[in-house]
Trainee: 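What follows is a single structure, and I will ask about it in a moment.
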Amino acid sequence: MKIKFKDLDNEVEISENYRVNSEKLNIQIKGIDDSAAQRNVELLKRLWNLYLTDETAWAVVQAISTIALGEDFELEGIAKGSEEFERLKTAFDRAWMNFYDVVRDTLIFGNSFSKIIRNRAGEFYNIVPLFPLDVTKKLKPNGDIVYVYENKNLTQDDIFEVEFFHRPDSLYGIPLLGASKRAIERKRLIEENTAIAIARHMPRFHVVCHKDEMTGRYPSEEERRRIGQEFKDLAGDHEFVTTDLIEIDVIDSKSTVPQLEDYMMWAMNSILVGSGTPPEIIGAITKSGSFATAKSRANVWLTFTIKYYQKALQKAINTQILKDTKAKIKILPPASLVLPYSK
């Protein structure tokens, strides 16, 4: 029996001006499910590029990645000061910066994959994050996962995997940036077109040469050129030297792009809604709302959204890296959040 789902490749028309991509996946109930193992690699490459080149995408991912790692971590389940405690504390101190890459990659690609490094005694020593698109997952008939990296099959004992948002019809998770992709691209389109409009219609200077009262004549064309050279600090395209018989209206960027701020704020809010991030977290300015409102939004985000990411990361560490020990890791929540305009 096969169950059919829809994904993001074949276009299905919803309305005249709006389309979504859809791909039919055949899900086998038993055996290896090759179709569900597929990823939309082109989409993930696009999300990676948006993160690298768009300031809002970058800010959202960096904010979650840094705050989710909390103030610090604690080890529980083993005696503090014992040899095992000190060894694991040193190992996680060594690896902790790599966990930033883990959270970042999971947000962008839906999954992160890291090679678990152990010492000669088989004890945890460090992790090495791998570029997610270089790792492929395969499902064996017995339900085990095999990770293919550089043409080598690695087991779940070799790879540390994190997934924040599970997708039941796939071996891969849901990328956080996926829901905001169209909003990010709309914002970039507005920015690019605005830059072109402003460049085309920069404020231009009109220099008027009046008639000489003694001679009754206007400066010649050659004289007007000489006068124009005196404005050498201005760009040539932005200056005019004419007689007073010619009138030129100055075109400014405000009239060229009316309500630009509203358009940009609409696009920004769409991105933040898609990522579940308050504007204050990334330093975005809102037209309305008091400091109390901003603080309330930020506290809700810390209490629920960030706590979810922390719990998901904790569970992955405890069930994979620390599965053969009594030790458990606890990520400490951020002690406080200082907003950009707080006193």
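Nothing here was measured: the structure is a model prediction, and the numbers come from that model.
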Trainee: Counting N and O atoms only, with roles assigned by atom type, does the side chain of T325 sit under 3.5 Å from a partner on the main chain of L322, one being a donor and the other an acceptor?
Mentor: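 Between the backbone of L322 and the side chain of T325 there is a qualifying donor-acceptor contact (under 3.5 Å).
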Trainee: If you measure from the Lys or Arg side-chain nitrogens to the Asp or Glu carboxylate oxygens, is any gap between K137 and E161 under 4.0 Å?
Mentor: yes
Trainee: Please list, chain by chain and in numerical order, all residues satisfying side-chain contact (heavy atoms from CB on, under 4.5 Å) with E150, sequence neighbours excluded.
Mentor: none
Trainee: Salt bridge between R46 and E42, side-chain N to carboxylate O under 4.0 Å?
Mentor: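 No, R46 and E42 are not salt-bridged.
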Trainee: Quick one: pull up CD1 in I331 and NZ in K311 and give me the separation to the nearest 0.5 Å.
Mentor: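 Rounded to the nearest 0.5 Å, the CD1-NZ separation comes out at 12.0 Å.
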Trainee: Apply ring-ring contact (aromatic ring centres under 6.0 Å, His included) to residues F113 and Y147 and explain how you reach the verdict.
Mentor: CA-CA 9 Å; F113 307 100; Y147 302 92; 5.8 Å; yes
Trainee: Answer with yes or no whether the hydrophobic clustering places L52 together with L189; edges join I, L, V, M, F, W, Y residues whose side-chain heavy atoms lie under 4.5 Å apart.
Mentor: no
Trainee: Step by step, would you call R182 with S270 a side-chain hydrogen bond (donor to acceptor under 3.5 Å, both in side chains)?
Mentor: CA-CA 9 Å; R182 286 194 294 268; S270 297; over 6 Å; no
Trainee: Identify the two heavy atoms, one from R297 and one from P278, that lie closest to each other, and give their separation to 0.1 Å.
Mentor: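 Heavy atoms of R297 and P278 come nearest at O-CG, 3.8 Å.
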Trainee: Does any part of the side chain of I117, heavy atoms only, come nearer than 4.5 Å to the side chain of V128, both counted from C-beta?
Mentor: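 A side-chain contact under 4.5 Å exists here.
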Trainee: Compare every heavy atom of I306 with every heavy atom of A68, then report the nearest pair and how far apart it is.
Mentor: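 Nearest pair, atom of A68 first, then I306: CA-CG2, 4.0 Å.
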Trainee: Closer than 3.5 angstrom, by distance alone: can the side chain of E76 be matched with the main-chain N or O of K328 as a donor-acceptor pair?
Mentor: no
Trainee: Could you report the tightest heavy-atom contact between W301 and T277, atom names first, then the distance?
Mentor: NE1-CA, 3.8 Å
Trainee: In this structure, would Y172 and V146 fall into the same cluster of hydrophobic residues linked by side-chain contacts under 4.5 Å?
Mentor: no
Trainee: With a 4.5 Å cut-off on side-chain heavy atoms, are K187 and E55 touching?
Mentor: yes
Trainee: Can Y51 and L47 be said to form a side-chain contact (heavy atoms from CB on, under 4.5 Å), step by step?
Mentor: CA-CA 6 Å; Y51 163 74; L47 296 181; over 6 Å; no
Trainee: Nearest 0.5 Å, what's the CG-OG distance between D105 and S114?
Mentor: 7.5 Å
Trainee: Taking 4.0 angstrom as the limit, do K181 and E185 come out as a salt bridge?
Mentor: yes
Trainee: Test your reading of the model: is there a side-chain donor-acceptor pair from D158 to the backbone of L154, 3.5 Å cut-off?
Mentor: no
Trainee: Would D157 and K323 pass as an ion pair if we require N to O under 4.0 Å?
Mentor: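 Judged by the 4.0 Å cut-off on N to carboxylate O distance, D157 and K323 do form a salt bridge.
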Trainee: In sequence, state the C-alpha distance, the side-chain angles, and the governing distance for E83 and R87, and then conclude on salt bridge (charged side-chain N to carboxylate O under 4.0 Å, His left out).
Mentor: CA-CA 6 Å; E83 181 179 347; R87 177 182 57 77; over 6 Å; no
Trainee: What verdict does the side-chain contact (heavy atoms from CB on, under 4.5 Å) test give for Q62 and R104, after you've listed the backbone C-alpha separation in whole Å, the side-chain angles of each residue and the deciding distance to 0.1 Å?
Mentor: CA-CA 7 Å; Q62 291 303 107; R104 179 201 66 192; 4.3 Å; yes
Trainee: So, taking the atom named CG in N111 and the one named NE2 in H166, what distance separates them when rounded to the nearest 0.5 Å?
Mentor: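 Result: 10.5 Å between the selected atoms.
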Trainee: Identify whether L332 and F85 are in the same connected component of the hydrophobic contact network (ILVMFWY, side-chain heavy atoms under 4.5 Å).
Mentor: no
Trainee: For a 4.5 angstrom cut-off between non-hydrogen side-chain atoms, does Q320 reach Q156?
Mentor: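 In short, these two side chains do not touch, never coming nearer than 4.5 Å.
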Trainee: Which atom pair, heavy atoms only, marks the closest approach of G274 to A179?
Mentor: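 Result for this residue pair: O-CB, 4.1 Å.
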Trainee: Using the side-chain contact (heavy atoms from CB on, under 4.5 Å) definition, which of the options I317, I159, D101, V102 pairs with I127?
Mentor: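 With I127 as partner, I317, I159, D101, V102 yield a single side-chain contact (heavy atoms from CB on, under 4.5 Å), made by V102.
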Trainee: Would you say the side chain of I184 lies within less than 4.5 Å of the side chain of R186, judging by non-hydrogen atoms?
Mentor: no
Trainee: Can you tell me if N119 uses its side chain to pair, donor with acceptor, with the backbone of E123 under 3.5 Å?
Mentor: yes
Trainee: Please answer whether the main-chain N or O of Q314 pairs with a side-chain N or O of N318 as donor and acceptor at a distance below 3.5 Å.
Mentor: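 Yes: the side chain of N318 pairs with the backbone of Q314.
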Trainee: Q310 vs L69, test: side-chain contact (heavy atoms from CB on, under 4.5 Å). Steps then yes/no.
Mentor: CA-CA 7 Å; Q310 290 182 327; L69 266 291; over 6 Å; no
Trainee: If you count heavy atoms of other groups shown closer than 6.0 angstrom to CG of N151, is the number above 12?
Mentor: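 No - once you tally the heavy atoms of other residues, nucleotides and ligands closer than 6.0 Å, there are 12 at most.
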Trainee: What verdict does the side-chain contact (heavy atoms from CB on, under 4.5 Å) test give for D54 and R188, after you've listed the backbone C-alpha separation in whole Å, the side-chain angles of each residue and the deciding distance to 0.1 Å?
Mentor: CA-CA 8 Å; D54 184 85; R188 295 186 72 167; 3.3 Å; yes
Trainee: Would you verify whether the NZ or CZ of R94 falls within 45 degrees of the ring axis of Y125 while also being under 6.0 Å from that six-membered ring's centre?
Mentor: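 Judged by the rule (NZ or CZ under 6.0 Å from the ring centre, within 45° of its axis), R94 counts as positioned above Y125.
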Trainee: Suppose we screen for side-chain contact (heavy atoms from CB on, under 4.5 Å). Which residues come up paired with K315, at least two apart in sequence or across chains?
Mentor: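 If we apply the side-chain contact (heavy atoms from CB on, under 4.5 Å) test to K315, skipping adjacent residues, the hits are T319.
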Trainee: Which label fits F99 and F92: parallel for a plane angle under 30°, tilted from 30 to 60°, or perpendicular past 60°?
Mentor: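 Parallel: the ring planes of F99 and F92 meet at under 30°.
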Trainee: State whether the side chain of E71 and the backbone N or O of P333 hold a donor-acceptor pair below 3.5 Å, judged by distance alone.
Mentor: no
Trainee: Within this structure, what is the CG-NZ distance for the pair N98 and K115, rounded to the nearest 0.5 Å?
Mentor: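 Reported to 0.5 Å precision, the distance equals 14.5 Å.
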Trainee: Any side-chain heavy atom of W58 within less than 4.5 Å of one from I282?
Mentor: no
Trainee: Is the centre of the Y309 ring less than 6.0 Å from the centre of the F164 ring?
Mentor: yes
Trainee: Test salt bridge (charged side-chain N to carboxylate O under 4.0 Å, His left out) on E84 and K89; report intermediate values, then the result.
Mentor: CA-CA 8 Å; E84 183 182 14; K89 181 70 166 61; over 6 Å; no
Trainee: Which atom pair, heavy atoms only, marks the closest approach of S82 to A79?
Mentor: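 What the structure gives for the nearest pair is OG-O, 2.7 Å.
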Trainee: Could you report the tightest heavy-atom contact between S275 and L176, atom names first, then the distance?
Mentor: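 Taking S275 first and L176 second, the nearest heavy atoms are O-CD1, 3.8 Å.
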Trainee: Within this structure, what is the OG-CG distance for the pair S180 and L50, rounded to the nearest 0.5 Å?
Mentor: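 The CG atom of L50 is 10.0 Å from OG of S180, to the nearest 0.5 Å.
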Trainee: Does any part of the side chain of I67, heavy atoms only, come nearer than 4.5 Å to the side chain of I281, both counted from C-beta?
Mentor: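 In contact.
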Trainee: Would you indicate whether the side-chain heavy atoms of L44 and P132 approach each other to under 4.5 Å?
Mentor: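 They are not in contact (no side-chain heavy atoms under 4.5 Å apart), so the answer is no.
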Trainee: Quick check: does any side chain N or O of S170 sit under 3.5 Å from a backbone N or O of R167, one acting as donor and the other as acceptor?
Mentor: no
Trainee: Does a side-chain heavy-atom distance below 4.5 Å link V60 with L272?
Mentor: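 SC-SC contact between V60 and L272 confirmed.
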Trainee: Is it true that M97 and I116 fall in one hydrophobic cluster, defined by side-chain heavy atoms closer than 4.5 Å?
Mentor: yes
Trainee: Indicate, with yes or no, if V148 and I145 share a hydrophobic cluster defined by side-chain heavy-atom contacts under 4.5 Å among Ile, Leu, Val, Met, Phe, Trp and Tyr.
Mentor: no
Trainee: Between W48 and F131, does the ring centre distance come in under 6.0 Å?
Mentor: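 Ring-ring flag for W48/F131: true, centres closer than 6.0 Å.
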Trainee: If you round to the nearest 0.5 Å, how far is NZ of K45 from CZ of F109?
Mentor: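 Rounded to the nearest 0.5 Å, the CZ-NZ separation comes to 10.0 Å.
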